[in-house]
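Both ligands and their constituent atoms are indexed starting at 1 by order of listing. Index from 1, following the sequence.
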Amino acid sequence: MAQYTRVAGSVGLITLQNPPVNALSAMVRQGIVDTMERALSAPEVKSLVICGQKETFCGGADIREFGTKMSGPPLIPLIHAIEASTKPVVAAIEGVALGGGLELALGCHYRISHSKAKLGLPEVTLGLLPAAAGSQRLPRLIGVPAALDLITTGRHVTAAEALQLGIVDQVTDHSTVDAAVKFALSVA
Ligand SMILES: CC/C=C\CC(=O)SCCNC(=O)CCNC(=O)[C@H](O)C(C)(C)COP(=O)(O)OP(=O)(O)OC[C@H]1O[C@@H](n2cnc3c(N)ncnc32)[C@H](O)[C@@H]1OP(=O)(O)O
């Protein structure tokens, strides 16, 4: 699921909650849809931050649901709705942003990463390609050669490399959520 709180007066904070890596289960996807709707319809909320609980952003699709019947809202329109949000959305990336987790972050307008975070599109290691528009958003953000490298190798990049490539906008050694909330206030 996803928890919604309002912080710093005008920032809607959406926290993904699905231990151990906040994977995008049906309940988490539904939680994102519900909390986004709540934040977008609240006039006092001017910008949003999406983070994961327990210092991990998101490990991607929930591998425990592989081979089960699809339920809950699909990921592609959900990420599109975030991208289309009239209120700026900032991803606060700690731990990992992998697969669908990075695709979710790529749909946000800005990404702030902790210095120890790892980001990547490891779908190829499962015999898949990024299917939630990561294969379009990543090349748009960092160019085709760098995106092709990440998509075809599935390698994880450090926060420092992600900053150098242009995947993230800022890296912090301190509280990523605090940095993302400050950033969200500045772009509201
Ligand atoms: C439309 C399609 C959208 C998206 C496609 C995808 O997202 S494909 C999936 C992409 N994600 C991955 O491939 C991530 C796979 N996981 C890892 O690489 C590592 O587990 C990770 C996250 C780097 C953590 O590594 P670490 O060595 O720290 O721990 P460990 O591998 O032992 O994992 C800890 C527990 O987390 C569980 N877990 C990991 N990933 C997922 C996941 N995606 N969904 C559900 N659960 C996940 C793992 O099973 C361990 O559980 P445990 O009960 O402790 O054994």
Q) Can you find a protein heavy atom closer to atom 44 (N) of ligand 1 than 4.0 Å? A) yes

Q) Which protein heavy atom lies closest to atom 12 (C) of ligand 1, and at what distance to 0.1 Å? A) Gly59 O, 3.7 Å

Q: Look up atom 10 (C) of ligand 1 and tell me if a protein heavy atom lies less than 4.0 Å from it?
A: yes

Q: Considering the heavy atoms of Gly99, write down every atom of ligand 1 situated less than 4.0 Å from one of them.
A: 7 (O)

Q) Where does Ile76 meet ligand 1, judged by heavy-atom distances below 4.0 Å: at the side chain, the backbone, both, or neither? A) neither

(Q) Walk me through whether Asn18 and Asp62 qualify under side chain to side chain contact (heavy atoms under 4.5 Å, CB included). (A) CA-CA 9 Å; Asn18 183 18; Asp62 195 322; 3.0 Å; yes

Q.
Among all protein heavy atoms in this structure, tell me which lies nearest to atom 5 (C) of ligand 1, with the distance rounded to 0.1 Å.
A. Glu123 OE2, 3.6 Å

Q: Mind checking the CZ-CD spacing from Arg111 to Gln170? Nearest 0.5 Å is all I need.
A: 12.5 Å

Q. Is the closest protein non-hydrogen atom to atom 27 (O) of ligand 1 under 4.0 Å?
A. no

Q. So which heavy atom in the protein is nearest atom 13 (O) of ligand 1, and how far is it from that ligand atom?
A. Pro122 CG, 3.7 Å

Q: Please check if the side chain of Arg29 supplies one atom and the backbone of Leu24 the other of a donor-acceptor pair under 3.5 Å.
A: yes

Q | Exercise check, heavy-atom protein proximity under 4.0 Å to atom 35 (C) of ligand 1 | A | yes

Q. Can any side-chain N or O of His109 pair as donor or acceptor with the backbone N or O of Glu83 at less than 3.5 Å?
A. yes

Q) Does one side chain, of Asp173 or Ser115, offer a donor that lies under 3.5 Å from an acceptor on the other? A) yes

Q: Kindly state if atom 15 (C) of ligand 1 has a protein heavy atom within a strict 4.0 Å cut-off, that is, under 4.0 Å?
A: no

Q: Using protein heavy atoms only, decide if any is under 4.0 Å from atom 7 (O) of ligand 1.
A: yes

Q) Which atom pair, heavy atoms only, marks the closest approach of Glu123 to Gly100? A) OE2-N, 3.7 Å

Q) With a cut-off of 4.0 Å, which atoms of ligand 1 are near a heavy atom of Gly60? A) 7 (O)

Q: May I ask you to check if ligand 1 and Ile63 share an N or O to N or O distance below 3.5 Å?
A: yes

Q | Spacing of NZ belonging to Lys118 relative to OG belonging to Ser113, to within rounding of 0.5 Å | A | 11.0 Å

Q. With respect to atom 40 (N) of ligand 1, which of Leu98, Asp62, Val21 exhibits the smallest heavy-atom separation?
A. Val21

Q: For Gln3 and Gln17, indicate whether the former's side chain and the latter's backbone hold a donor-acceptor pair under 3.5 Å.
A: no

Q: Report yes or no: do Thr15 and Gln53 form a side-chain donor-acceptor pair below 3.5 Å?
A: no

Q) Asp169 and Tyr110: which non-hydrogen atoms are nearest, and at how many Å? A) OD2-CA, 3.2 Å

Q. Looking only at non-hydrogen atoms, which of Gly154, Pro20, Gly101 approaches atom 51 (O) of ligand 1 most closely?
A. Pro20

Q.
Tell me whether atom 19 (C) of ligand 1 lies less than 4.0 Å from at least one protein heavy-atom position.
A. no

Q) What heavy-atom pair brings Ala92 and Val49 nearest, and what distance separates the two atoms? A) CB-CG1, 4.0 Å

Q: Report, in ascending order of atom number, the atoms of ligand 1 lying under 4.0 Å from any heavy atom of Gly100.
A: 4 (C), 6 (C), 7 (O)

Q) Got the closest protein heavy atom to atom 2 (C) of ligand 1, with its distance? A) Ala131 CB, 4.4 Å

